[in-house]
Peer 1: 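Here it is, the structure in full.
Values below: all heavy atoms of this structure, side chains included; hydrogens, waters and symmetry mates excluded. Note on naming: letters A, B, ... go to the chains in the order of the sequence lines (proteins, then strands), and numbering restarts at 1 for each one.
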Amino acid sequence: MADVTRESLVHTLEEIALLLELKGENPFKTRAYRNGAEVVQNFEGDIVGRAAADELKGIKGIGNALQQKLYELASTGKLEYFEDLRAEFPPTLFELFELQGLGPKKIKALYDKLGISSVNELKKACQGSEIANLSGFGAKTVEKILGAIETRAKFADRFRLGEVTPLAETLLERLREHPKVNRSAIAGSYRRAKETLHDLDFLVATKEPAELTKFFTDFPEVQEVIAQGDTKASVRLDNGLQCDLRAVSNDHFPFALQYFTGSKEHNVALRSLALKKGLSLNEYDFTGEGDIPKVEEEVDIYRALKLDWIAPELRENRGEIEAACAADLPDLVKLTQLRGTFHNHTIASDGKNTLEEMATAAQEHGLQYLGIADHSKSSFQANGLNETRLVQQIEEIKIINAHFEDFALLSGSEVDILKDGSLDFHNDLLAELDYCVASIHNVFNLPEKEMTNRLIRAMENEHVTMLGHVTGRLLLKRDPYAVNMEKIIDCAAETKTVIELNCNPWRLDMDWRWWHRARDKNVLTSINPDAHSIEQLQFLAYGARLARKGWLRRKDVLNCHSLSEIQAWLRLPKSKR
DNA sequence: GCCGTTTTCGGCCCGACTGTTTTCAGTCG
């Protein structure tokens with residue numbers, strides 16, 4: 001029986017939705033499956049276990065039919081309904097959904113009328129005239145399809161948050177400086193701090209929308225104009241990133257900002273709430289029978305619905321609306337509240353800068369302490385330190401620290417967790433350090449149970465202060481290794497082990513979806529840049545945004561403590577922390 | 001397929017743009 005995971009349940013429900021769309025089923029039925037996938041993805045707790053035990057009653061969005069199907073899936077690893085559905089279409093047909101401009105209706109037409117079931121076949125068919133002659137298709141459509149095929153081949157369709165941020169801010173600044181622009185913002189998943197993005201959604205308030213869409217499509221980075229109207233434009237930049245612009249009036253701006261920030265799920269929930277209060281909410285304004293609330297800023301929209309303003313990072317329909325309604329939203333951590341950080345490298349292992357350079361840069365960032373955690377000896381690819389070199393580094397740090405008054409380097413190690421969960425250094429040596437980050441750097445492919453036990457054994461070590469990059473994922477490149485996150489979080493709570501929020505844009509690990517659960521079990525995080533150079537201390541900004549996305553408050557973040565507090569905390573035995 | 005202080009049927013968020021159409025369907029967000 002195939003391994004059943006949360007992801008596999010989500011994936012099956014999403015695929016069913018796609019298949020139903022292809023069959024031209026009732027769109028609301030399709031939506032029910034897609035919504036079900038969302039609920040399973042976001043469910044806090046052991047959804048797989050509950051499904052397998054047929055204990056899914058009472059979960060909103062999972063009705064009788066989905067309960068049955070999830071139970072069958074989780075308990076047998078298969079779903080007959082899904083197998084039958086899937087047998088109706090060739091598997092390669094799904095590729096066509098990756099092409100921009102092709103949706104279920106057009107794909108079904110291509111398949112039914114011309115037997116096209118793969119991108120390759122589609123490309124060939126575009127050379128001839130048969131597609132252009134199909135009803136609903138034309139010469140322009142063929143041209144667009146060919147363009148989309150080329151785009152798909154050339155670019156992955158997602159980008160890492162940290163990679164687009166500098167460009168995003170540059171483009172926003174350019175819009176802001178335009179004399180006809182009153183207000184401007186980037187909405188969408190960028191504003192929500194999603195770890196990867198499909199596009200950037202720019203928004204401007206202006207009296208001259210057409211002038212702005214023209215200005216936007218004329219940006220030098222623009223390689224292709226996908227669409228351009230009087231109030232909306234869509235372009236692809238030379239790096240493959242899609243950018244959209246909406247130009248609205250100043251009065252409409254708060255509504256547009258709210259609407260285009262999303263998430264879609266958050267907005268659907270918000271609109272339903274508005275309807276219950278007799279108000280219809282769209283991207284321009286409120287409409288309704290009674291008094292229409294006055295709105296000047298985005299916050300006024302939430303106030304009108306009797307909600308506290310919800311930080312964009314939280315807008316994923318994961319309980320934020322209920323919390324806002326109950327005035328129970330968390331006071332989210334801020335970048336400026338960080339006083340230090342723990343996981344950083346120097347030239348001793350694979351970093352680019354010396355201890356002194358890293359210390360100076362940290363002080364320029366306003367930090368009171370910087371933890372040095374170079375690799376240990378098993379990470380020979382990263383020039384990991386052996387026992388002798390680590391002892392030397394501890395001495396060097398002592399000497400350097402003598403020069404500082406209100407700042408300190410902390411002696412640590414990013415010690416390798418070996419295959420069996422033991423550590424790369426003996427406890428005697430680890431005891432000499434101020435702290436220790438334990439991470440996995442090899443043997444990524446153990447089965448979930450072994451991998452989980454490996455991490456648990458490391459956490460049970462009294463010298464392990466925190467776990468580094470828990471799942472080892474590299475966004476858009478390498479999947480997380482198989483670990484049971486529920487068990488990891490429970491063990492972190494029991495053993496008082498901190499879990500790192502690794503801020504490297506490629507990692508952003510642990511995933512933001514787990515932090516709410518972790519903090520509710522009193523698990524602390526440390527927002528760590530994993531800096532391999534002084535420039536990479538900037539990564540802290542991404543970490544702070546992802547921590548906010550995970551509902552974390554100042555008190556949930558270890559490195560919000562001052563230097564003296566941290567020194568006292570580190571001296572406590574682990575069990576007393 | 002889901003849901004319910006308008007509850008077991010009948011709704012389910014909605015607007016912009018494009019291309020093919022001659023009044024609108026499909027796609028996207």
Peer 1: Choose from dC12(B), dA16(B), dT18(B) the nucleotide whose nearest atom is closest to any side-chain atom of Lys144(A).
Peer 2: dT18(B)
Peer 1: I need the single residue from Leu70(A), Val10(A), Thr5(A), Ile59(A) that forms a side chain to side chain contact (heavy atoms under 4.5 Å, CB included) with Ile47(A). Which is it?
Peer 2: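 Filter result, single survivor: Ile59(A).
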Peer 1: Which is true for Pro104(A) with a 4.0 Å heavy-atom rule: it touches a base, it touches only sugar-phosphate, or it touches nothing?
Peer 2: sugar-phosphate
Peer 1: Kindly point out which of dG4(B), dG1(B), dC13(B) is positioned nearest to the side chain of Lys60(A)?
Peer 2: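 Among dG4(B), dG1(B), dC13(B), the one nearest the side chain of Lys60(A) is dG4(B).
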Peer 1: Assign Asn64(A) to base, sugar-phosphate, or nothing according to its heavy-atom contacts below 4.0 angstrom with the strands shown.
Peer 2: sugar-phosphate
Peer 1: Go through the steps to decide whether Leu329(A) and Ile310(A) satisfy the test side chain to side chain contact (heavy atoms under 4.5 Å, CB included), and finish with yes or no.
Peer 2: CA-CA 8 Å; Leu329(A) 283 169; Ile310(A) 299 173; 3.9 Å; yes
Peer 1: Pick the C1' atom in dC2(B) and in dT8(B), then give their distance to the nearest Å.
Peer 2: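 To the nearest whole Å, 12 Å.
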Peer 1: In whole Å, measure the gap between the P atoms of dA16(B) and dG11(B) for me.
Peer 2: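 Rounded to whole Å, the distance is 25 Å.
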Peer 1: Is the positively charged end of Arg246(A) above the ring of Phe260(A), judged by distance under 6.0 angstrom from the centroid and angle within 45° of the axis?
Peer 2: no
Peer 1: Output, in order, the C-alpha distance, side-chain angles, deciding distance and verdict of side chain to side chain contact (heavy atoms under 4.5 Å, CB included) for Ile527(A) and Cys503(A).
Peer 2: CA-CA 7 Å; Ile527(A) 299 181; Cys503(A) 314; 3.4 Å; yes
Peer 1: Under 4.0 angstrom, heavy atoms only, what part of the nucleic acid is Leu66(A) near: base, sugar-phosphate, or nothing?
Peer 2: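 Sugar-phosphate, backbone atoms only, no base.
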Peer 1: Name the residue closer to the 5' end of DNA chain B, choosing between Asp199(A) and Lys264(A) according to the nucleotide with the nearest heavy atom.
Peer 2: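 The 5'-side residue here is Lys264(A).
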Peer 1: Please report the distance separating the P of dG15(B) from the corresponding atom of dG10(B), rounded so that it comes out in whole Å.
Peer 2: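 It works out to 25 Å between them.
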Peer 1: Considering only dG29(B), dC14(B), dC3(B), which nucleotide approaches the side chain of Asp244(A) most closely?
Peer 2: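 From the listed options, dG29(B) comes nearest.
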Peer 1: Please report the distance separating the C1' of dT22(B) from the corresponding atom of dC28(B), rounded so that it comes out in whole Å.
Peer 2: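 That atom pair is separated by 24 Å.
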Peer 1: What is the distance, rounded to the nearest whole Å, between atom CG of Asp112(A) and atom P of dG26(B)?
Peer 2: 13 Å
Peer 1: Please determine if Arg191(A) forms a cation-pi arrangement with Tyr259(A), meaning its NZ or CZ atom is less than 6.0 Å from the six-membered ring centre and no more than 45° off the ring axis.
Peer 2: no
Peer 1: For dG19(B), does either OP1 or OP2 sit under 4.0 Å from a side-chain N or O belonging to Lys106(A)?
Peer 2: no
Peer 1: Provide, to the nearest angstrom, the distance between the CG atom belonging to Leu110(A) and the C1' atom belonging to dG26(B).
Peer 2: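 About 13 Å, once rounded to whole Å.
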Peer 1: Expressed in angstrom and rounded to an integer, what is the separation of Asp230(A) atom CG from dC17(B) atom P?
Peer 2: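 For the pair Asp230(A) CG and dC17(B) P, the rounded distance is 7 Å.
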Peer 1: Of the nucleotides dT18(B), dG29(B), dC17(B), which has the atom closest to the Thr231(A) side chain?
Peer 2: dC17(B)
Peer 1: Give the rounded distance in Å between these two atoms: CG of Leu20(A) and P of dG1(B).
Peer 2: 8 Å
Peer 1: What class does the angle between the rings of Phe255(A) and Phe286(A) fall in, given that below 30° is parallel, 30 to 60° is tilted and above 60° is perpendicular?
Peer 2: perpendicular
Peer 1: Among the candidates dG1(B), dT27(B), dC13(B), find the nucleotide nearest to the side-chain atoms of Val268(A).
Peer 2: dC13(B)
Peer 1: Would you kindly give the CZ-to-C1' distance between Phe28(A) and dC13(B), to the nearest whole Å?
Peer 2: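 Answer to the nearest Å: 9 Å.
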Peer 1: Using the P atom as the reference point in each nucleotide, state the distance between dC13(B) and dC3(B) in Å, no decimals.
Peer 2: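 About 14 Å, rounded to a whole number of Å.
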Peer 1: From the list dG19(B), dG15(B), dC14(B), which nucleotide is the closest neighbour of the side chain of Glu283(A)?
Peer 2: dG15(B)
Peer 1: Just the rounded figure in Å: distance from C1' of dT27(B) to CD1 of Ile145(A).
Peer 2: 13 Å
Peer 1: Tell me whether the side-chain N/O atoms of Thr141(A) come closer than 4.0 Å to OP1 or OP2 in dT20(B).
Peer 2: yes
Peer 1: Is Gln242(A) close enough to dG29(B) that one of its side-chain N or O atoms is under 4.0 Å from OP1 or OP2 there?
Peer 2: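 Yes.
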Peer 1: Looking at dG29(B), I'd like to know if its phosphate oxygens (OP1 or OP2) sit under 4.0 Å from a side-chain N or O belonging to His198(A).
Peer 2: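 For dG29(B), OP1/OP2 do have a side-chain N/O of His198(A) under 4.0 Å.
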Peer 1: Of the nucleotides dG29(B), dT18(B), dG19(B), which has the atom closest to the Lys140(A) side chain?
Peer 2: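 Looking only at side-chain atoms, Lys140(A) lies closest to dG19(B).
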Peer 1: Please determine, for dT8(B), whether a Watson-Crick or G-U wobble partner exists with both distances under 3.5 Å, and give it or none.
Peer 2: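 Checking every strand shown, dT8(B) finds no partner, since no pair has both distances under 3.5 Å.
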Peer 1: Under 4.0 Å, counting only non-hydrogen atoms across every strand here, what does Lys276(A) touch: a base, just sugar-phosphate, or nothing?
Peer 2: nothing
Peer 1: Using the P atom on both, measure dT20(B) against dG26(B) and round to a whole Å.
Peer 2: 14 Å
Peer 1: Measure the shortest side-chain to side-chain distance between Arg507(A) and Tyr542(A) over non-hydrogen atoms and say whether it is less than 4.5 angstrom.
Peer 2: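 With C-beta onward as the side chain, the pair stays apart.
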Peer 1: Rounded off to whole Å, could you give me the CZ-to-P distance for the Phe260(A) and dG15(B) pair?
Peer 2: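 Going from Phe260(A) (CZ) to dG15(B) (P), I get 11 Å.
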Peer 1: When you look at NE2 of His11(A), are more than 12 heavy atoms from neighbouring residues, nucleotides or ligands closer to it than 6.0 Å?
Peer 2: no
Peer 1: If you assign each of Ile226(A) and Leu134(A) to its closest nucleotide in DNA chain B, which residue comes earlier from the 5' end?
Peer 2: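 The residue closer to the strand's 5' end, by nearest nucleotide, is Ile226(A).
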Peer 1: Given dG26(B), dG29(B), dG1(B), which nucleotide is nearest the side-chain atoms of Tyr33(A)?
Peer 2: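 Per side-chain heavy atoms of Tyr33(A), the pick is dG1(B).
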Peer 1: Students often get this wrong, so: under 4.0 angstrom with heavy atoms, is Ala139(A) touching a base, only sugar-phosphate, or nothing?
Peer 2: sugar-phosphate
Peer 1: With a 4.0 Å cut-off on heavy atoms, is Leu102(A) in touch with a base, just the backbone sugar-phosphate, or nothing at all?
Peer 2: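 Answer is sugar-phosphate: Leu102(A) comes under 4.0 Å of backbone atoms only.
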Peer 1: Out of dG4(B), dT27(B), dC17(B), which has the shortest distance to the side chain of Lys232(A)?
Peer 2: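 Comparing dG4(B), dT27(B), dC17(B) against the side chain of Lys232(A), the answer is dC17(B).
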Peer 1: On a whole-Å scale, what distance lies between the P atoms belonging to dC12(B) and dC17(B)?
Peer 2: 25 Å
Peer 1: May I ask you to verify if any side-chain N or O of Tyr284(A) is less than 4.0 angstrom from the OP1 or OP2 atom of dA16(B)?
Peer 2: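 Answer yes for this pair, as a side-chain N or O of Tyr284(A) is under 4.0 Å from OP1 or OP2.
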Peer 1: Between atom CD in Glu98(A) and atom C1' in dC28(B), what is the gap in whole Å?
Peer 2: 17 Å
Peer 1: Kindly point out which of dG15(B), dG19(B), dG29(B) is positioned nearest to the side chain of Asp201(A)?
Peer 2: dG29(B)
